[in-house]
S.K.: 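Once you've had a glance at the structure underneath, I'll fire off some questions.
All residue numbers refer to positions in the sequence shown, counting from 1. Both backbone and side-chain heavy atoms feed into the values below; hydrogens, waters and symmetry mates do not.
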Amino acid sequence: MAVFITIVGVAASMGLGTMQIGGGVEYLFGIKNNFKLQISIIIVITIIYIYTAVGGLDNGMKQLSNINLTLATILVVGCFFVGPTSEIMNTFVNGMGDYINYFVSQSLFINPITSNEWVYKWRIFYWAYWISWSPFVGVFIARISKGRTIREFVMGVIIIPSIICMAWFAIFGMMGMNLGLEFVQDAIVYTDTALFKVFANYPGGVLFSVICIFLLFTFFITSANSAVYVLGMFTSRGNLNPKNFNKIIWGVIQALFAVVFIMLGGLDILQRFAIVVSFPFAFVIIGIIVAFMKELKKEKVK
């Protein structure tokens with residue numbers, strides 16, 4: 001089950017990323033974002049992530065991750081200063097307060113009176129989406145965190161990244177909202193190009209758009225190659241250094257799933273499939289939590 005939902009989760013990401021990369025290419029260079037372009041993007045991403053996965057943790061994957069982090073930092077810092085800086089800081093502080101204040105109520109929120117379309121289509125989809133990522137992300141982070149304490153792990157994997165995500169959403173969200181409701185309504189008609197339309201209204205917008213397209217490539221490449229690595233571990237009795245042939249096979253299968261998702265209808269089919277496939281694994285996660293607590297108790301006794 002872990003193998004299957006890992007493939008689905010990463011393939012869904014590749015599908016979403018491919019559509020947005022295609023949208024950016026069309027917006028900037030006028031190349032039609034059609035099925036042929038999307039297939040070409042998937043082929044390029046697949047070749048690179050298989051190559052870096054075969055290169056191992058310390059070569060291809062580590063170098064690519066460092067490039068990814070550097071470019072993401074340049075983008076987010078640049079947008080922070082170019083965008084409405086004061087409003088961004090206010091949004092960040094307010095958003096963090098809302099997050100803490102409404103965590104429980106929003107976690108259980110289902111509107112019993114009016115339409116729940118947004119809740120089902122987005123909130124529940126993202127829950128299912130992250131459940132589908134949990135097996136390989138958990139195993140991969142554990143693999144590269146050997147020797148760390150649980151405190152270091154929680155700080156480095158949960159707390160700090162969560163704060164960075166809040167800042168990320170505050171910066172890019174406020175850049176869009178600052179342009180007014182009419183602009184937002186126009187931009188989301190075709191969501192694949194919404195971010196690039198936002199950048200076009202700020203100084204350095206073309207540069208930000210180019211960096212963003214490249215980042216979409218590298219983000220999905222780093223996600224996919226770590227998934228390939230873990231799938232190799234899952235299917236070779238937990239071998240921490242799975243054979244290259246194993247990784248190549250899973251890399252190709254992952255790409256084929258992404259192609260199928262795009263062929264079947266894009267975003268809607270991705271959302272539905274992720275929800276259906278991930279729901280049973282939620283119960284597996286509960287079992288993992290119980291087993292983990294038992295192991296910690298055993299270690300404490302030792």
S.K.: Please name the pair of heavy atoms, one in S132 and one in G9, separated by the smallest distance, quoted to 0.1 Å.
M.R.: OG-CA, 3.3 Å
S.K.: Tell me which pairs pass ring-ring contact (aromatic ring centres under 6.0 Å, His included) where either residue lies in residues 88-109, with sequence neighbours left out.
M.R.: Y99-F103
S.K.: If you draw a 6.0 Å radius around OH in Y202, do more than 12 non-hydrogen atoms from other residues or ligands fall strictly inside?
M.R.: yes
S.K.: OG1 of T46 to CD1 of I248: how many Å apart, nearest 0.5 Å?
M.R.: 12.5 Å
S.K.: Got a second to check how far C212's SG is from L75's CG, nearest 0.5 Å?
M.R.: 6.0 Å
S.K.: Would you kindly confirm whether I74 and V76 end up in one hydrophobic cluster when ILVMFWY residues are joined by side chain heavy atoms under 4.5 Å apart?
M.R.: yes
S.K.: Give a yes or no on whether the backbone of V119 and the side-chain of N116 come within a donor-acceptor separation of less than 3.5 Å.
M.R.: no
S.K.: Identify which one of I43, N225, T222, I221 satisfies the side-chain contact (heavy atoms from CB on, under 4.5 Å) criterion when paired with I48.
M.R.: I221
S.K.: Linking I/L/V/M/F/W/Y whenever their side-chain heavy atoms sit closer than 4.5 Å, directly or via other members, would V25 and I47 fall into one cluster?
M.R.: yes
S.K.: Are the aromatic ring centres of F140 and F136 under 6.0 angstrom apart?
M.R.: no
S.K.: Report the C-alpha separation of N33 and Q38 in whole Å, then their side-chain angles, then the decisive distance to 0.1 Å, and conclude whether the side-chain hydrogen bond (donor to acceptor under 3.5 Å, both in side chains) test is met.
M.R.: CA-CA 7 Å; N33 183 18; Q38 292 169 356; 3.2 Å; yes
S.K.: Just wondering, are more than 12 heavy atoms of other shown residues or ligands nearer than 6.0 Å to CZ in F183?
M.R.: yes
S.K.: Strictly distance-based, threshold 3.5 Å: is any side-chain N or O of S134 a donor or acceptor partner for the main-chain N or O of I131?
M.R.: yes
S.K.: Does R123, at its CZ atom, have more than 12 non-hydrogen atoms belonging to other residues, nucleotides or ligands within less than 6.0 Å?
M.R.: yes
S.K.: Among residues at least two apart in sequence or on other chains, which ones pass ring pair (Phe, Tyr, Trp, His ring centres under 6.0 Å) with W168?
M.R.: F172
S.K.: side-chain contact (heavy atoms from CB on, under 4.5 Å) between Q254 and Y49: does it pass, once the steps are laid out?
M.R.: CA-CA 11 Å; Q254 217 166 240; Y49 76 65; 3.6 Å; yes
S.K.: Under the side-chain hydrogen bond (donor to acceptor under 3.5 Å, both in side chains) criterion, do W133 and S13 qualify, and how do the steps go?
M.R.: CA-CA 10 Å; W133 274 54; S13 295; 3.2 Å; yes
